[in-house]
A.B. asks: 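This is the structure, below, for whatever I ask next.
Counting from 1, the numbers follow the sequence of the chain as shown.
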Amino acid sequence: MPSPLPPTRVPLAERVPVLLSCALSCAGSALLLCSQALWPELRTRPRQLLLHLSLADLLSALSYFYGVLRDFQGTSWDCVLQGALSTFANTSSFFWTMAIALYLYLSIVRASPAGQGLLWGFHAVSWGVPLAITVAAVALRKIGYDASNVSVGWCWVNLDAEDRLLWMLLAGKLWEILAYVTLPVLYLLIRKHINRARAALSEYRPILPAAPALRPRASLADKKLILIPLIFIFLRIWSTVRFVLTLCDSPAVQNPVLVVLHGIGNTFQGGANCILFVLCTRAVRARLLALLGCSPAARLPWPGQRPQTRGDGDRDGDKDLDVPKPLLPST
């Protein structure tokens with residue numbers, strides 16, 4: 001049964017900030033990818049997973065940019081193509097975000113190094129499940145014009161479909177809500193483990209003169225462990241709110257502020273990841289500044305880390321959080 005709500009008009013003033021968000025997300029994702037290409041010593045396991053998340057965010061931002069620029073008024077071939085690409089990339093981004101959190105939990109809290117089987121599992125789920133959902137949605141003609149009531153100009157699940165609720169859940173909302181629960185739980189468990197390890201370490205500080213110097217970086221790790229799920233939820237919650245309002249046939253779904261927040265939240269994930277894992281990560285930031293000629297070039301180790309020998313990079317799942325290694329004992 002078609003939705004009784006009229007289409008949401010998205011004027012140019014509302015589309016411009018969303019287009020800017022798409023551009024910043026593309027730039028942020030590209031910067032994350034370039035950091036992997038330029039500095040091989042930064043290719044740790046967590047950052048290899050982050051690379052795949054950046055690819056998904058880049059494809060998502062590009063497809064959203066086209067959709068917002070076109071501001072579709074009906075189902076067409078490019079509407080279906082754009083909707084399929086954004087559905088695949090956006091759903092994949094959810095899975096890779098949860099995969100990174102799970103990897104950090106297993107490597108830090110459980111102290112169990114991830115084998116190739118787990119990594120291949122991440123690939124199979126994070127690429128395979130979104131691909132299967134997208135192919136099925138396109139084949140069954142569920143992707144199309146959604147009147148911008150659950151989007152901001154782009155195409156997603158056709159609201160004329162009788163089983164639109166099922167496909168909106170499968171094509172993103174189910175995994176989005178799952179991430180709301182999974183990410184805070186995993187990152188809180190990681191933070192609790194770090195605090196417990198730090199408390200145990202404090203007993204030995206009289207004989208470990210270097211331990212107090214680790215506190216600033218540990219504090220930064222605490223902030224990141226809190227910020228990662230909070231930023232994700234803050235960006236994505238507006239999309240969920242409009243989804244619920246659409247199901248309730250509420251005219252509030254067309255509120256201009258809510259529409260802009262939805263557009264920015266859905267498109268800025270790549271930019272947010274760049275801020276957290278490039279600009280707010282000292283080792284990466286220092287290399288970037290050196291490349292731009294803003295600071296002396298030097299081969300900088302990760303925080304709290306001795307220079308590595310070949311093959312050591314994959315064992316430390318905590319580097320991207322700036323967590324000093326002594327704070328994460330395996331026992």
Side-chain angles (χ1 to χ4, degrees), residues 8 18 21-22 25 29 49-50 52-61 63-64 67-68 82-102 122 125-134 136-137 142-143 146 148-159 161 163-188 227-248 250 252-253 258-273 276:
T8 299
V18 180
S21 174
C22 291
S25 188
S29 298
L49 298 178
L50 187 61
H52 298 291
L53 173 60
S54 300
L55 284 173
D57 288 335
L58 179 60
L59 179 58
S60 178
S63 61
Y64 282 141
V68 176
Q82 178 273 313
L85 288 175
S86 62
T87 297
F88 168 73
N90 200 42
T91 307
S92 180
S93 178
F94 292 144
F95 280 106
W96 280 115
T97 301
M98 290 187 285
I100 292 172
L102 179 60
F122 286 158
V125 173
S126 300
W127 294 124
V129 173
L131 181 62
I133 291 172
T134 303
K142 304 300 179 181
I143 301 293
D146 60 10
S148 290
N149 288 332
V150 284
S151 70
V152 186
W154 59 77
C155 289
W156 187 40
V157 174
N158 194 332
L159 291 186
D163 53 353
R164 60 183 180 273
L165 175 58
L166 171 64
W167 283 101
M168 283 192 285
L169 289 172
L170 289 176
K173 291 304 165 191
L174 175 63
W175 320 115
E176 184 177 70
I177 295 169
L178 182 63
Y180 290 156
V181 178
T182 304
L183 294 180
V185 169
L186 290 178
Y187 282 112
L188 284 175
L227 285 175
I228 290 171
L230 284 182
I231 289 175
F232 177 86
I233 293 172
F234 177 77
L235 289 176
R236 295 291 183 171
I237 194 65
W238 314 109
S239 169
T240 306
V241 169
R242 291 193 74 214
F243 165 69
V244 173
L245 291 175
T246 299
L247 295 181
C248 298
S250 171
V253 74
L258 191 57
V259 170
V260 173
L261 288 173
H262 176 187
I264 294 175
N266 263 45
T267 58
F268 193 64
Q269 191 65 53
N273 289 337
L276 278 174

A.B. asks: So D163 and K142, salt bridge (charged side-chain N to carboxylate O under 4.0 Å, His left out) or not? Walk me through it.
C.D. replies: CA-CA 9 Å; D163 53 353; K142 304 300 179 181; 2.9 Å; yes

A.B. asks: Would a 4.5 Å heavy-atom cut-off, applied to side chains only, mark R242 and V150 as touching?
C.D. replies: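 Heavy-atom side-chain distance check fails, nothing below 4.5 Å.
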
A.B. asks: Whether the side chain of T91 engages the backbone of F88 through a donor-acceptor N/O pair (distance < 3.5 Å, no angle test) should be reported.
C.D. replies: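 Looks like no, no N/O pair under 3.5 Å.
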
A.B. asks: Do L53 and T97 come close enough that some side-chain heavy atom pair is under 4.5 Å?
C.D. replies: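 Yes, at least one pair of side-chain atoms sits under 4.5 Å.
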
A.B. asks: Specify the closest pair of heavy atoms between A99 and L49, including all atoms of both residues, with the distance to one decimal.
C.D. replies: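 Here A99 and L49 meet closest at O-CD1, 4.4 Å.
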
A.B. asks: State, yes or no, whether a side-chain contact exists between N158 and W167 at a heavy-atom distance under 4.5 Å.
C.D. replies: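 Not in contact.
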
A.B. asks: Answer yes or no: is there a donor N or O on one side and an acceptor on the other, between the side chain of S250 and the main chain of L245, under 3.5 Å?
C.D. replies: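 No: the side chain of S250 does not pair with the backbone of L245.
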
A.B. asks: If you compare all heavy atoms of G172 against all heavy atoms of W156, which two are closest, and at what distance to 0.1 Å?
C.D. replies: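 Closest heavy-atom pair between G172 and W156: N-CZ2, 4.4 Å.
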
A.B. asks: Do H262 and V241 come close enough that some side-chain heavy atom pair is under 4.5 Å?
C.D. replies: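 Counting from C-beta outward, H262 and V241 never come under 4.5 Å.
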
A.B. asks: Answer yes or no: is there a donor N or O on one side and an acceptor on the other, between the side chain of S126 and the main chain of S92, under 3.5 Å?
C.D. replies: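 Side chain of S126 to backbone of S92: no pair is present.
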
A.B. asks: Quick one: closest heavy-atom pair of S86 and Y64, and the distance?
C.D. replies: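 Taking S86 first and Y64 second, the nearest heavy atoms are CB-CE2, 3.8 Å.
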
A.B. asks: Output the distance between atom CG (N273) and atom CD1 (I100), rounded to the nearest 0.5 Å.
C.D. replies: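 Separation between the atoms: 7.0 Å.
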
A.B. asks: Applying side-chain contact (heavy atoms from CB on, under 4.5 Å) to F94 and R236, what does each step give before you reach the verdict?
C.D. replies: CA-CA 11 Å; F94 292 144; R236 295 291 183 171; 3.6 Å; yes

A.B. asks: Could you grab the distance from atom CD1 of I231 to atom CG of L276, nearest 0.5 Å is fine?
C.D. replies: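 It comes to 4.0 Å.
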
A.B. asks: Output, in order, the C-alpha distance, side-chain angles, deciding distance and verdict of side-chain contact (heavy atoms from CB on, under 4.5 Å) for V18 and F268.
C.D. replies: CA-CA 9 Å; V18 180; F268 193 64; over 6 Å; no

A.B. asks: Work out which heavy atom in T134 is nearest to a heavy atom in T87; give both atom names and the distance.
C.D. replies: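 What the structure gives for the nearest pair is OG1-CG2, 3.8 Å.
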
A.B. asks: What's the separation between atom OG1 in T182 and atom CD1 in I177, rounded to the nearest 0.5 Å?
C.D. replies: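 T182 OG1 to I177 CD1: 11.5 Å, rounded to 0.5 Å.
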
A.B. asks: Output yes when a side-chain donor or acceptor of S63 lies under 3.5 Å from a complementary backbone atom of L59, and no otherwise.
C.D. replies: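 Yes: the side chain of S63 pairs with the backbone of L59.
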
A.B. asks: With the side chain counted from C-beta on, respond yes when I233 and P184 share a heavy-atom pair under 4.5 Å apart, and no when they do not.
C.D. replies: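 Result yes, sub-4.5 Å side-chain heavy-atom pair found.
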
A.B. asks: Taking atom types as modelled, is there a side-chain donor on S21 or T267 under 3.5 Å from an acceptor on the other?
C.D. replies: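 Yes - a donor-acceptor pair under 3.5 Å links their side chains.
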
A.B. asks: Do T240 and Y180 pair up side chain to side chain, a donor and an acceptor below 3.5 Å, judged on atom types alone?
C.D. replies: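 Yes, Y180 and T240 have a side-chain donor paired with an acceptor closer than 3.5 Å.
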
A.B. asks: Between S60 (side chain only) and A56 (backbone N and O only), is there a donor and an acceptor less than 3.5 Å apart?
C.D. replies: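 It does not hold such a pair.
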
A.B. asks: Between CD1 of I237 and CZ of F243, what distance do you get to the nearest 0.5 Å?
C.D. replies: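 One finds 12.0 Å between CD1 of I237 and CZ of F243.
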
A.B. asks: Show the nearest heavy-atom pair for residues S29 and G270, with the distance to one decimal.
C.D. replies: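 Residues S29 and G270, closest heavy atoms: OG-CA, 3.5 Å.
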
A.B. asks: Between W96 and D57, does the side-chain contact (heavy atoms from CB on, under 4.5 Å) criterion hold? Intermediate values first, please.
C.D. replies: CA-CA 10 Å; W96 280 115; D57 288 335; over 6 Å; no

A.B. asks: Judged by atom type as modelled, is there a donor-acceptor pair below 3.5 Å linking the side chain of T246 to the main-chain atoms of N149?
C.D. replies: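 Checking the backbone N and O of N149 against the side chain of T246, a donor-acceptor pair under 3.5 Å is found.
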
A.B. asks: If we ignore hydrogens and angles and just use 3.5 Å, is the side chain of W175 paired with the main-chain N or O of L170 as donor and acceptor?
C.D. replies: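 Judged by distance alone, yes, a pair lies under 3.5 Å.
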
A.B. asks: Say you draw a straight line from CG of L159 to CE of M168; how long is it, rounded to the nearest 0.5 Å?
C.D. replies: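 If I round to the nearest 0.5 Å, the distance is 6.0 Å.
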
A.B. asks: For C155, does its backbone N or O pair with a side-chain atom of Q82 as donor and acceptor, under 3.5 Å?
C.D. replies: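 Looks like yes, one N/O pair under 3.5 Å.
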
A.B. asks: If you define the side chain from C-beta out and look only at heavy atoms, does anything of N266 sit under 4.5 Å from W154?
C.D. replies: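 Yes; the side chains approach each other to less than 4.5 Å.
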
A.B. asks: Where do S151 and D146 come nearest, in terms of heavy atoms and distance?
C.D. replies: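 Heavy-atom minimum between the residues: OG-OD1, 2.8 Å.
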
A.B. asks: As a quick check of understanding, evaluate side-chain contact (heavy atoms from CB on, under 4.5 Å) for F122 and F95, giving each step before the final call.
C.D. replies: CA-CA 8 Å; F122 286 158; F95 280 106; over 6 Å; no

A.B. asks: For the SG atom of C22 and the CD1 atom of I264, what is their distance to the nearest 0.5 Å?
C.D. replies: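 So the SG of C22 and the CD1 of I264 are separated by 9.5 Å.
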
